[in-house]
Amino acid sequence: MEQDDKLHALRHSMSHVMAEAVLEMFPTAQIAVGPSIDNGFYYDFDLPRQLKPEDLDEISARMKEIISFGKPFVKRAVSRREAEELFADQKYKLELLQAIPEDEEVSLYTQGGFTDLCRGPHVESTKDLNPQAFKLLSIAGAYWRGKETNPMLTRIYGTAWKNPKELRLYLKKLEDIEKRDHRRLGKDLDLFSLHEEAGAGLVYWHPKGARIRLAIEDFWRNEHYANGYEMVCSPHVGKSWLWETSGHLDFYKEGMYPSMEMDKAHYYAKPMNCPFHIMIYNNSKHSYRDLPCRWAELGTVYRYEKAGALHGLMRVRGFTQDDAHIICTPDQMEDEILEVLRFSLHMLRSFGFQEIQAYLSTRPVDSVGAQLQWDAAVESLRRAVEHEGLDYEVDDGGGAFYGPKIDLKIKDALGREWQLTTIQFDFNLPQRFKMVFVDRDGKEKQPYMIHRALLGSIERFFGVLVEHYAGAFPPWLAYEQVRIIPVAEPFIEYACKVEQLLKQEGFRVSADLSDDRMNAKIRNAQQEKIPFMLILGEKEEQQKAVSVRWRTGKQENGVPLETFIENTREIIENKAVLS
RNA sequence: GCCCUUGUAGCUCAGUCGGCAGAGCACCACCAUGGUAAGGUGGGGGUCACCGGUUCAAAUCCGGUCGAGGGCUCCA
């Protein structure tokens, strides 16, 4: 904790040093804000000209010089009037000054020739900064105070660390992130593509990507059936009546694809599956004996996302939610929440994610539903996370207007957090669609409704998996599990025999019968990140055996074919990750 | 949507001062090929994103448009 604070002060100080360097270069520049952030810092400027990447070199050089002077950071509390005079020609600082509450102290920090309005804290002197442990990374645009209607400022991002070694490690991590980028691996491994000319943000799954996706979906369906769910399938479009009733046209229209007109009615591509599932529910009367209904669907939805927000598979305009709606009586709510959380964790862990953090979001100011309902729902969510022994944070007032929620975030192989699961109460739709069940007293009552997506969207989840495994999928997910490589032409027949047998046994397998040399075939399979290669020659054919080269480099020669089948099947069934 | 960067072969990229469009990989053909990460030779492949301007001459300089990447913003 103390270490974190130190690093925070160091980075924040670094941003002041950068501002000093920039002001040296552009004395008329307007300075805005320059906080420390994860891994580094930034500062926003209003500059007389555009920055070029080469400018970063000059700014860096000046920063190193400033650091070398060893000037102390001096704090000074001042009156508002004094500060106003000091920043008379710095309009952003004046605006910040006005935003400081009356009863709060106004403080300045000065190092060398640069003084900034700042709450601190800072390191004692620029001597505490290491000129070899920072790097300016990028230039970006950012709105003043993050508001679209405000002027666009120039933001310079930098990273800073205690020592050059930590900087090197961080830069290496950045390289690693780049290597794992799902867009790059998606292209290299021929998994999927996007085609702007055919529609931005819409994903094309190639045969190899589709194999992996279907392996995910098969598992998903089987687990749902095994855990008390039913599958439903619903249309992709619905008439305006549906979206008026759900409220989407009132509250979410700008997030929807525009309407299509047919037979004098307006149809909309679905941004959510819930109204359709409710239509199925409302199709017949339900007794309390029928509940809970747990209905799941891999439902593809379409949402308008701003062009600049689109990003590979992570942010798209058409995606498949692994959606489900649980409709239950108030009595059943507690058990259902416990169960859906347990099931979520089981699913996430099956895909190899062990570190999971929960976020509980409670009632916002503008919201629907009775306070008693909210309280009961929040408490059951809280009890569920505590029952599972999860670490959780509470986001007070962070829930949707229609109900509280739990989100689960996982950490990937590089320690990055991704939100996958969301479990949300809905006090809004049951009312809007007049959902009822007949209770044991013969009276119609309103059921509880819970939305949940475990993996989130299949597209995004797939992107996360690609980056988590760096494209080297565990065998149960790999598009090709086994590649057969005969050492030379005379063994093609045996290779084909083994291929046929493994296919019959249900493995995803192919034999490389091209006229490449064996070395080239191994290299290709290795680059395609196929988990197992079977090298077949005279010895293997005579013994009805295979020599197994693992993707990891492990080698097992002369393994009887049945033994390989047995072992590999176990690896696949256990969802083992090859390390 | 806005700001910055960027756009040359399927992919990764070179192309100097404005002077005939290039390489590696991939693809195709032929030859070679018996043991754990690239065998050899040859070939096909381009409206240099698009539109306009300057010039004897534009991938290259200028203006615009479109796309992509990085940010910002938004996320029922």
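Every chain is numbered from 1, with letters handed out A, B, ... down the list of sequences.
- A/Glu540 comes within 4.0 angstrom of a base, heavy atoms only.
- Between B/C62 and B/G7, the distance separating the two P atoms is 13 Å to the nearest Å.
- Of all nucleotides listed (B/A32, B/G70, B/A37), B/G70 comes nearest to the side chain of A/Ala140.
- Heavy atoms of A/Gly255 sit nowhere under 4.0 angstrom from any nucleic acid atom.
- Summary of the strand contacts: A/Phe491 and A/Leu429 both lie near RNA chain B, and taking for each the nucleotide with the nearest heavy atom, the more 5' one is attributed to A/Phe491.
- A distance of about 14 Å separates the C1' atoms of B/U60 and B/A14, rounded to the whole Å.
- A side-chain N or O of A/Arg483 and one of A/Ser510 form a donor-acceptor pair less than 3.5 Å apart.
- For A/Ile139, the listed nucleotide lying nearest its side chain is B/C4; candidates were B/C4, B/G35, B/C74.
- Pair assignment for B/C13: B/G22, on the basis of Watson-Crick or G-U wobble contacts that are both within less than 3.5 Å.
- Atoms CG (A/Asn524) and C1' (B/U36) sit 13 Å apart, rounded to a whole Å.
- When the nucleotides B/G35, B/A38, B/G34 are ranked by their closest atom to the side chain of A/Arg523, B/A38 comes out on top.
- Rounded to whole Å, the distance from CG on A/Asp516 to C1' on B/A26 is 12 Å.
- A donor atom on one side chain and an acceptor atom on the other are found under 3.5 Å apart for A/Asn557 and A/Gln555.
- A donor-acceptor pair shorter than 3.5 Å can be found between the side chains of A/Ser193 and A/His206.
- Nucleotide B/C66 forms a Watson-Crick or G-U wobble pair with B/G7, both donor-acceptor distances falling under 3.5 Å.
- Across all strands shown, nothing is found opposite B/G44 as a Watson-Crick or G-U wobble partner with both distances under 3.5 Å.
- Across all strands, A/Gln424 comes closer than 4.0 Å to no nucleic acid atom at all (heavy-atom distances).
- Within the nucleic acid shown, A/Asp181 has no heavy atom closer than 4.0 Å to any nucleic acid atom.
- The closest side-chain heavy-atom distance from A/Pro475 to A/Leu578 is below 4.5 Å.
- Under 3.5 Å, the side chains of A/His451 and A/Gln424 contain no donor-acceptor pair of N or O atoms.
- The residue A/Arg155 sits close only to the backbone: its heavy atoms come under 4.0 Å of sugar-phosphate atoms, none of a base.
- Put simply, the side chain of A/Tyr143 and the base of B/G71 share no donor and acceptor less than 3.5 Å apart.
- Heavy atoms of A/Asp188 sit nowhere under 4.0 angstrom from any nucleic acid atom.
- Note on A/Arg315: a base of the nucleic acid sits closer than 4.0 angstrom, heavy atoms only.
- When side chains are defined from C-beta on, A/His325 does not count as touching A/Glu297, because their heavy atoms never get closer than 4.5 Å.
- Between the C1' atoms of B/C61 and B/C17, the separation comes to 12 Å (whole Å).
- Residue A/Tyr252 is classed as a sugar-phosphate contact, given heavy-atom separations below 4.0 Å to backbone atoms only.
- When each of B/C72, B/G34, B/G35 is scored by its nearest atom to the side-chain atoms of A/Tyr157, the top-ranked nucleotide is B/C72.
- The nucleotide whose nearest atom lies closest to any side-chain atom of A/Gln527 is, among B/C74, B/A37, B/G34, B/A37.
- In this structure, A/Gln555 reaches the bases: a heavy-atom distance under 4.0 Å links it to at least one base atom across the strands shown.
- Counting non-hydrogen atoms under 4.0 angstrom, A/Thr154 reaches nothing in the nucleic acid.
- Pairing partner, B/G1: B/C72, with both Watson-Crick or wobble hydrogen-bond distances short of 3.5 Å.
- Across all strands shown, A/Met518 has heavy atoms under 4.0 Å from sugar-phosphate atoms exclusively, and none from any base.
- Judged by distance alone, with hydrogens and angles left aside, A/Arg183 brings no side-chain donor or acceptor close enough to the base of B/A68 to form a pair under 3.5 Å.
- Classified by interplanar angle (parallel below 30°, tilted 30° to 60°, perpendicular above 60°), the ring pair A/Trp241/A/Phe433 is perpendicular.
- With a cut-off of 3.5 Å on both pairing distances, the Watson-Crick or G-U wobble partner of B/C61 is B/G53.
- A/Ala520 comes within 4.0 angstrom of sugar-phosphate atoms only, judged by non-hydrogen atoms across all strands, and of no base.
- Here B/G35 sits opposite no nucleotide as a Watson-Crick or G-U wobble pair (both hydrogen-bonding atom distances under 3.5 Å).
- Atom CG in A/Asp190 sits about 12 Å away from atom P in B/C27, given to the nearest Å.
- Comparing A/Lys187 and A/Tyr304 by the nucleotide of RNA chain B whose heavy atom lies nearest to each, the residue mapping closer to the 5' end is A/Tyr304.
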